[in-house]
K.L.:
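Sending over a structure as structure tokens; questions will come in a sec.
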Amino acid sequence: MIPHVKNRPLMLQRFPNGIDKEGWVQQEIGKHFPDWIARVTVPKSKGHVTHPMANDKPSLLYLANQACITVHEWMSRVDKIDMPDLMIIDLDPGPSSSFSDVKRAARMTRALLDELSLPSFVKTTGSKGLHLAVPLKRRESFEEVHETASLIGEVLSAREPELVTTEFRKEKRRGRLFLDMHRNQYGQHAVAPYSVRALPGAPVSCPLDWDELSSSTLTAQTFTLKNVPRRLEGDGDPWREIKKRAVSLARARKALAEMG
DNA sequence: GGCACAT
DNA sequence: ATGTGCCAACGCCGG
DNA sequence: CCGGCG
């Protein structure tokens, strides 16, 4: 988990009284957090926020001991905070979507990314859907990445209008899977790879190999606190090469413009 | 979980 | 000594 | 302009 979250502003979901009791989300680092927890101050619409980071194992353990169940990460890193190194596509199933719809949507998104010569990685969210990630060389701003993701969403919803939608309003989705591209804006975040969710069974947002999508038993909650350690010991992290695959979006943006 | 602050 | 509040934020919408 | 909603 640490290589993935390292040097990213984090958002924490904490449940000191158990996941069946009230919890809260926390952006600002706690005043009592020890000074060996790295932090980063970023400008927000209203002033600035100092986020905690988890750059080493003791930091992650401290967060866990603070009843932080789920860690959400920014799409950029401290040394270039305005330039995301990830584009995230969130596949969020609607009430009338099955998980095989989610897998279909993931494959068709991957196919489009392939057409655009963009590398893609997939992970479970540990909740209901899947996340696709495109590693970036940090040549584009949040605005440009978000614009690109939105265009990708438009192409996909035009290709499969009965399966997916980019409609923000639930009432306009008609039960369809929501292609949420809004994670690619400044100040937004997504559940971090290998983070546990505050749900029964402790499901984990787990990086996958693409061929694992063909498993008929796979769901967003297949991987858990219980079974992920052994999985990592065995096969390692399916995303270990993600950084090396980073690309610029320049060509893809040109190609998308031509698709209309 | 832990702190500031009120009672 | 014990209790309570606090620990996010953002676009969109209607009032 | 504000509060509630997603």
Side-chain angles (χ1 to χ4, degrees), chain A residues 5 8-54 57-76 78 81-82 84 87-97 102 125 127-129 131 141-151 153-154 157 164-192 195-199 202 205 220:
Chain A
V5 300
R8 298 184 190 280
L10 301 181
M11 184 276 262
L12 315 176
Q13 287 185 305
R14 296 177 59 192
F15 298 84
N17 302 308
I19 61 170
D20 51 342
K21 301 291 188 302
E22 208 174 309
W24 69 91
V25 304
Q26 181 167 355
Q27 305 254 33
E28 182 81 28
I29 191 168
K31 291 169 293 295
H32 62 283
F33 280 36
D35 58 14
W36 47 265
I37 305 279
R39 62 208 62 206
V40 54
T41 301
V42 297
K44 290 280 179 77
S45 55
K46 194 158 74 167
H48 60 267
V49 175
T50 303
H51 291 259
M53 297 189 284
K57 196 163 156 183
S59 298
L60 209 46
L61 288 173
Y62 181 85
L63 296 184
N65 195 49
Q66 287 287 302
C68 171
I69 306 290
T70 306
V71 173
H72 294 251
E73 63 174 19
W74 275 38
M75 263 43 75
S76 62
V78 270
I81 203 71
D82 294 319
M87 178 168 72
I88 290 284
I89 297 172
D90 180 9
L91 308 180
D92 187 8
S96 50
S97 315
V102 181
T125 62
S127 179
K128 287 157 70 180
H131 281 168
S141 65
F142 274 102
E143 193 172 321
E144 290 165 332
V145 175
H146 180 231
E147 182 185 78
T148 308
S150 301
L151 286 172
E154 294 315 311
S157 62
V164 304
T165 175
T166 56
E167 284 291 349
F168 190 76
R169 305 255 313 173
K170 267 191 178 174
E171 61 198 50
K172 290 190 175 178
R173 289 183 205 158
R174 301 201 324 266
R176 292 167 292 178
L177 182 146
F178 178 38
L179 281 174
D180 184 0
M181 302 305 196
H182 305 303
R183 314 262 169 184
N184 298 296
Q185 293 181 101
Y186 180 82
Q188 299 297 110
H189 36 68
V191 66
S195 184
V196 182
R197 308 309 297 265
L199 296 170
S205 179

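Naming: A, B, ... by sequence-line order, numbering from 1 per chain.
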K.L.:
Separation of A/R183 atom CZ from C/dG11 atom C1', in whole Å?
P.N.:
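Checked: the CZ to C1' distance equals 14 Å.
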K.L.:
Taking the side chain as every heavy atom from C-beta outward, state whether A/L179 and A/L91 have any pair of such atoms under 4.5 Å apart.
P.N.:
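In short, these two side chains touch, coming nearer than 4.5 Å.
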K.L.:
Quick check: do A/E28 and A/V49 have side-chain heavy atoms less than 4.5 Å from each other?
P.N.:
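The answer is yes; the side chains approach within 4.5 Å.
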K.L.:
Under 4.0 angstrom, heavy atoms only, what part of the nucleic acid is A/N17 near: base, sugar-phosphate, or nothing?
P.N.:
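Answer is nothing: A/N17 stays at 4.0 Å or more from every strand.
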K.L.:
Could you check which of B/dG2, C/dA8, C/dC10 has an atom nearest any side-chain atom of A/V25?
P.N.:
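Selected nucleotide: C/dA8.
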K.L.:
Tell me which of A/N65 and A/K31 sits closer to the 5' end of DNA chain B, going by the nucleotide each one is nearest to.
P.N.:
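Mapping each residue to its closest nucleotide by heavy atoms, the 5'-most match is A/N65.
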K.L.:
Strictly distance-based, threshold 3.5 Å: is any side-chain N or O of A/S195 a donor or acceptor partner for the main-chain N or O of A/V71?
P.N.:
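Indeed, once roles are kept as given, a pair shorter than 3.5 Å links the two residues.
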K.L.:
Considering only the C1' atoms, how many Å lie between C/dC7 and D/dG6, rounded to the nearest integer?
P.N.:
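The answer is 22 Å between these two C1' atoms.
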K.L.:
Could you state the CZ-P distance from A/R14 to C/dA8, rounded to the nearest angstrom?
P.N.:
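For the pair A/R14 CZ and C/dA8 P, the rounded distance is 10 Å.
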K.L.:
In terms of relative ring orientation, are A/F142 and A/W74 parallel, tilted or perpendicular, with 30° and 60° separating the classes?
P.N.:
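Taking A/W74 first and then A/F142, their aromatic rings stand perpendicular (interplane angle over 60°).
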K.L.:
In whole Å, I'd like the distance from the OH atom of A/Y186 to the C1' atom of C/dA9.
P.N.:
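So the OH-C1' distance, A/Y186 to C/dA9, works out to 13 Å.
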K.L.:
Could you state the atom-to-atom distance from CZ of A/R173 to P of D/dC5 in whole Å?
P.N.:
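Going from A/R173 (CZ) to D/dC5 (P), I get 17 Å.
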K.L.:
In whole Å, I'd like the distance from the CD atom of A/E167 to the P atom of D/dC5.
P.N.:
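That distance rounds to 21 Å.
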K.L.:
Taking only the C1' atom of each, what is the distance from C/dA9 to D/dG3 in whole angstrom?
P.N.:
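Rounded to whole Å, the distance is 14 Å.
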K.L.:
Return the value, rounded to whole Å, for the distance between atom CD of A/Q188 and atom C1' of C/dA8.
P.N.:
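To the nearest whole Å, that distance equals 11 Å.
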K.L.:
Any idea which of C/dA8, B/dG1, C/dC10 is nearest the A/W24 side chain?
P.N.:
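Of the candidates, B/dG1 comes closest.
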K.L.:
Among C/dC10, B/dG2, C/dA8, which nucleotide sits nearest the side chain of A/Q26?
P.N.:
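Taking heavy atoms from C-beta onward, the closest nucleotide is C/dA8.
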K.L.:
In whole angstrom, give the distance that lies between atom CD of A/E28 and atom P of C/dC6.
P.N.:
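Going from A/E28 (CD) to C/dC6 (P), I get 16 Å.
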K.L.:
Measure CD/A/Q13 against C1'/C/dC7 and give the value in whole Å, please.
P.N.:
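Distance check: A/Q13 CD to C/dC7 C1' gives 13 Å.
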K.L.:
Pick base, sugar-phosphate or nothing for A/Q185, based on heavy-atom distances below 4.0 Å to the nucleic acid.
P.N.:
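Nothing, no nucleic acid heavy atom in range.
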K.L.:
Please examine the side chains of A/K44 and A/Q27, heavy atoms only from C-beta on, and report whether any two atoms are closer than 4.5 Å.
P.N.:
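The answer is yes; the side chains approach within 4.5 Å.
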K.L.:
Starting the side chain at C-beta, find the nucleotide from C/dC10, B/dG2, C/dA8 nearest to A/Q27.
P.N.:
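So the side chain of A/Q27 is nearest to C/dA8.
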